[in-house]
Number of protein chains: 2
Amino acid sequence: MRVSTRGEYGVRAMFDLALNYGNGPIPLKAVAKRQLVSETYLEQLLGALRRAGLVSSTRGAQGGYELAHPPERITVGQIIRVLEGPITPLDCLDTDSGSGPYCGQPDQCVLRGLWKNLQDSMERVLDNTTLEDLRSKAIRLGVAQGQ
Amino acid sequence: MRVSTRGEYGVRAMFDLALNYGNGPIPLKAVAKRQLVSETYLEQLLGALRRAGLVSSTRGAQGGYELAHPPERITVGQIIRVLEGPITPLDCLDTDSGSGPYCGQPDQCVLRGLWKNLQDSMERVLDNTTLEDLRSKAIRLGVAQGQ
DNA sequence: TCATTTCCGACTAGATTCGTCGGGATTCAA
DNA sequence: TTGAATCCCGACGAATCTAGTCGGAAATGA
Ligand code: FES
Ligand code: FES
């Protein structure tokens, strides 16, 4: 039941970009340094986030990454889904992912409801937390590290 | 964000034992067959659940496993913790597990609250679902397979 | 005694995670 | 026009985790 470092670091990076939103592109190097993540690893993650349309990039000198949308329009759930796939405790809940909607139970699956509850409750938290929520909290705490 | 097969099968097995609660020890073989889980693998899981005090076992012929407590006193959260460890999206939330309460952030960690919310919401579901909840649902649906 | 059943530890193949590495393409600025 | 900054891409690799298997010992009831 863990979130992988892809998800963890990805959220950190997006949070960093949210703090710096509106200041033009921020180089990967700066994000990596502030968020204590390896540059080369973060590059992978931001690449995926770019292909998913959550960040935009500018190449060349003075280039970097920035959020593709305002912080209040990007949720943590979106970030996690890009970096880790569907948010679901069990593949069988995710009808889009091939393995049919049911496990091998003879009749209806009694346990399905349990796992669905778990999924819903995870998604509720992650989809209702936006980068703006995190940004404003950082400002309130006085730990906004942007510039 | 997945539950492993240990957790999944473990809950299935405990659910099966709940359906058969009060009928004396149920052999592993019967549980494995009904729940479509490999016998040798399930043996590992039930061993851990026994050592954790959630099931009791009777050795020898006519032996088997049974719940150590009535179904309403065992939660899915307990089962998952035995088989997968603490329910937490990030190790840093779990103060008992060595790696200190904080990630490497300079000041307070703004993101911690997010992950804590996620953890709370997962635990709320898993700790509030008892085996009795699952058992009564199975009976209501008419899919109780015990005997 | 013998079939049944739990108990235990060791072992393994495969998948996944968590990165690293090398080099190419693009852009700005001097 | 050159060079530094920066993103882009794919391949590679070590370590860890997952999902089991296997062989045999011990206990128990018939
Ligand atoms: S349908 Fe998913 S566990 Fe049964
Ligand atoms: S304290 Fe856990 S992510 Fe910062």
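Order of the sequence lines fixes the chain letters, A, B, ..., with proteins taken first and strands second; residue numbering starts at 1 for each chain.
- The side chain of A/Ser38 lies closest to C/dG19, out of D/dT28, C/dG19, D/dA4.
- A donor-acceptor contact under 3.5 angstrom links the side-chain atoms of A/Glu43 to the base of D/dC8.
- Counted by atom type alone, A/Tyr65 and A/Thr58 present zero donor-acceptor pairs between their side chains at under 3.5 Å.
- When side chains are defined from C-beta on, A/Pro89 does not count as touching B/Arg2, because their heavy atoms never get closer than 4.5 Å.
- Taking atom CD of A/Glu39 as the reference point, atom P of C/dC21 lies 12 Å away to the nearest angstrom.
- In the set C/dC8, D/dT21, C/dT20, the nucleotide with an atom closest to the side chain of B/Thr40 is D/dT21.
- Atom CG of B/Leu36 and atom C1' of D/dG20 are 16 Å apart (whole Å).
- When distances are taken from the side chain of A/Arg59 to each of C/dA25, C/dT6, C/dT4, the shortest belongs to C/dA25.
- The CD atom of B/Glu66 sits 15 Å away from the P atom of C/dT5 (whole-angstrom rounding).
- Residue A/Gly63 is in sugar-phosphate contact alone, with no base atom involved, counting any heavy-atom pair closer than 4.0 Å across all strands shown.
- Nearest-nucleotide mapping onto DNA chain C: of A/Tyr9 and B/Ala61, the residue sitting toward the 5' end is B/Ala61.
- Set against D/dC8, D/dA26, C/dC18, the side chain of A/Tyr41 has C/dC18 as its closest nucleotide.
- Nearest-nucleotide positions on DNA chain C for B/Lys29 and B/Gln44 put B/Lys29 closer to the 5' end.
- Rounded to a whole Å, the CD atom of B/Glu84 is 11 Å from the C1' atom of D/dT18.
- Atom-to-atom, CG of B/Leu45 to C1' of D/dT18 comes out at 12 Å; the value is rounded to the nearest Å.
- A donor atom on one side chain and an acceptor atom on the other are found under 3.5 Å apart for B/Ser4 and B/Glu84.
- Of the candidates C/dT6, D/dC8, C/dC7, D/dC8 carries the atom nearest the A/Tyr65 side chain, counting heavy atoms from C-beta on.
- Taking atom CG of residue A/Leu42 and atom P of nucleotide D/dC9, one finds them 15 Å apart after rounding to whole Å.
- Closest contact between the side chain of B/Arg51 and the listed nucleotides C/dC8, C/dG19, C/dT4 involves C/dC8.
- Side-chain nitrogen and oxygen atoms of A/Thr58 include none within less than 4.0 Å of the OP1 or OP2 phosphate oxygen of D/dC7.
- Whole-Å rounding puts the B/Glu8 CD to D/dT18 C1' distance at 13 Å.
- Look at B/Arg50 and you'll find a side-chain N or O under 4.0 angstrom from OP1 or OP2 of C/dC7.
- Following chains of ILVMFWY side-chain contacts shorter than 4.5 Å, one cannot reach B/Ile139 starting from B/Val76, and the two form parts of different hydrophobic clusters.
- Taking atom CZ of A/Arg6 as the reference point, atom C1' of C/dC18 lies 10 Å away to the nearest angstrom.
- Under 4.0 angstrom from either OP1 or OP2 of C/dC18 there lies at least one side-chain N or O belonging to A/Thr5.
- Considering only side-chain atoms of A/Gln62, the nucleotide from D/dC7, C/dC28, C/dC18 that sits closest is C/dC28.
- Contacts of A/Leu46 with the nucleic acid, taken as non-hydrogen atoms under 4.0 Å apart, are absent.
- A salt bridge links A/Arg81 with A/Glu123: the closest approach of a Lys/Arg side-chain nitrogen to an acidic carboxylate oxygen falls below 4.0 angstrom.
- Between A/Asp133 and A/Lys137 there is no salt bridge, since no side-chain N of the basic residue sits under 4.0 Å from a carboxylate O of the acidic one.
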